[in-house]
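Proteins get letters first, then strands, A, B, ... in listed order; numbering begins at 1 in each.
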Number of protein chains: 2
Amino acid sequence: MTADIRADHRPAAPPLTERQEARRRRILNASAQLAARGGFDAVQMREVAEAAGVALGTLYRYFPSKIHLLVATMQDQLQHMHTTLRKRPPAGADPAERVAETLMRAFRALQREPQLADAMVRALTFADRGVSPEVDTVSRLTTAIILDAMGTEHPTPEQLSAVRVIEHTWHSALITWLSGRASIAQVKIDIETVCRLIDLTAPEAAARR
Amino acid sequence: MTADIRADHRPAAPPLTERQEARRRRILNASAQLAARGGFDAVQMREVAEAAGVALGTLYRYFPSKIHLLVATMQDQLQHMHTTLRKRPPAGADPAERVAETLMRAFRALQREPQLADAMVRALTFADRGVSPEVDTVSRLTTAIILDAMGTEHPTPEQLSAVRVIEHTWHSALITWLSGRASIAQVKIDIETVCRLIDLTAPEAAARR
DNA sequence: CGCTAATCTAGAACAAGTTACAGACTTGAT
DNA sequence: ATCAAGTCTGTAACTTGTTCTAGATTAGCG
């Protein structure tokens, strides 16, 4: 990504110097580490700044709010996941299976760091208009992961809608799990349920109708 | 509902006196009014207390956090919507249509007060474990509305999963719309897309498989 | 009525996100 | 090497959610 300080913005801000890149990295790492410990609440801006060896004002220059910081953290983690997944693509026979498998794999990864997941997902859904560009980036990354799993090069609008619905379900199911209102089994079922939409919106299925 | 002070809790708290009921009502109204003006941020606990003519400490006794307050506000609004919808049931021929129609009607209602919608939905998705019972109540209410629209008395587990997925999509689509990342048209398409799951999980469809 | 426990009020105090600012340090261009 | 512009640091202040406290009020009961 090599994003400039304010993540991805319109006028393509100046590139970062090496030390700035390092600072940004330290901040993101500190954020992830604190989040992994105690979730959303444990990511306190003063603590992040201290852990990253950076002044509070500098932290805010790099990430204009706690939400921005956590969304950027999520972006970072998603990137990892994407490359990991690419190395070991899902094995299912049809697209719906592969997507479900991919999402469940991601889900298991999140289960290993539930607090981190909590912090990132809460930030994502709490983000308001001011964070739209960043949230959008995360959304595009997620879409890319799902399309990868489907193996679909040129999705139809119908398929894109199905993918959006899958993303909606994914985020929302994650939240219900994180807040203890749904079991892991239930999340699995819901993901499998929603993935059926993929078959339903496949071009051949449309032709069959 | 006539919930006691701490909404619905296990040991069925004591009933409220008339004055307490009135206070609770004033608080919820103040909350909705402030939210309708300026969204989540405009609902400031001191302001709510003042507008409701109640001390800050009292407000916190009735609703132990801003999130609780807003979730209760949502519960309140949903109740209205549910009775309204019952008076004028959706007219579509098959269940999927009727659910889509119902949700779009609800969506249009929210469009009339986008700021209020923002405050309520953000609170709902931001709620952590501590608010689970209240969030669950909202979820059950939503489920009831959808099942009403389907006209299904005894849903199968499969159908319940479909309903959950629809709820996920509904919340999450709402969020993307509220944060300006999706158009109204897109929300409509996504809702219609997810509603197809209803046909797909209808008992006859299962038999056909 | 008179008592006791629960509730309510007003206001201070505390916590964490955010902003502001003065002075030191870096960077890039000349 | 020097200068101007931009960054970074340290620190204090401000905002808003939340907690706490002491004293007034109210509700239920004998």
Rounded to whole Å, the CZ-C1' distance (B:R23 to C:dT7) equals 8 Å
Name of the residue among A:R164, A:E134, A:E167 meeting side chain to side chain contact (heavy atoms under 4.5 Å, CB included) with A:S139: A:E167
Flag yes if more than 12 heavy atoms outside B:E50 fall under 6.0 Å of its CD atom; otherwise flag no. no
Would you tell me if any nitrogen or oxygen in the side chain of B:Y62 comes within less than 4.0 Å of OP1 or OP2 on C:dC8? yes
Nearest-0.5 Å distance that lies between atom CG in B:L85 and atom CD1 in B:I145: 6.0 Å
Rounded off to whole Å, could you give me the CG-to-C1' distance for the B:D41 and D:dG17 pair? 12 Å
Report which part of the nucleic acid A:V43 touches: base, sugar-phosphate, or nothing (heavy-atom distance under 4.0 Å, all strands). sugar-phosphate
Hey, does the side-chain of A:R46 have a donor or acceptor N/O within less than 3.5 Å of a partner on the base of C:dT18? yes
Using heavy-atom distances to pick each residue's nearest nucleotide on DNA chain D, tell me which of B:Q44 and B:R19 is more 5'. B:Q44
Can you tell me how far P of D:dC14 sits from CG of A:L56, to the nearest Å? 16 Å
Before accepting this row, confirm whether a basic side-chain N of the pair A:E158/B:R196 lies closer than 4.0 Å to the acidic partner's carboxylate O. yes
B:F63 side chain reached by B:L28 side chain, heavy atoms, under 4.5 Å: yes
Nearest-neighbour nucleotide for the B:S65 side chain, D:dT18, D:dT9, D:dT7 considered: D:dT18
Rounding to an integer number of Å, can you tell me how far B:F40 CZ sits from D:dT16 C1'? 11 Å
Whole angstroms only, please: what is the OH-C1' distance between B:Y60 and C:dA13? 14 Å
Rounded to whole Å, the CZ-C1' distance (B:F63 to D:dT19) equals 19 Å
Atom CD of B:E18 and atom C1' of D:dA27 are separated, to the nearest Å, by 13 Å
Using the closest heavy atom to pick a nucleotide of DNA chain D for each, name whichever of B:T17 or B:K66 lands nearer the 5' end. B:K66
Spacing of A:E50 atom CD relative to C:dG17 atom C1', expressed in whole Å: 17 Å
Side-chain contact check for A:Q20: nearest option of D:dT7, C:dT9, C:dG17 is D:dT7
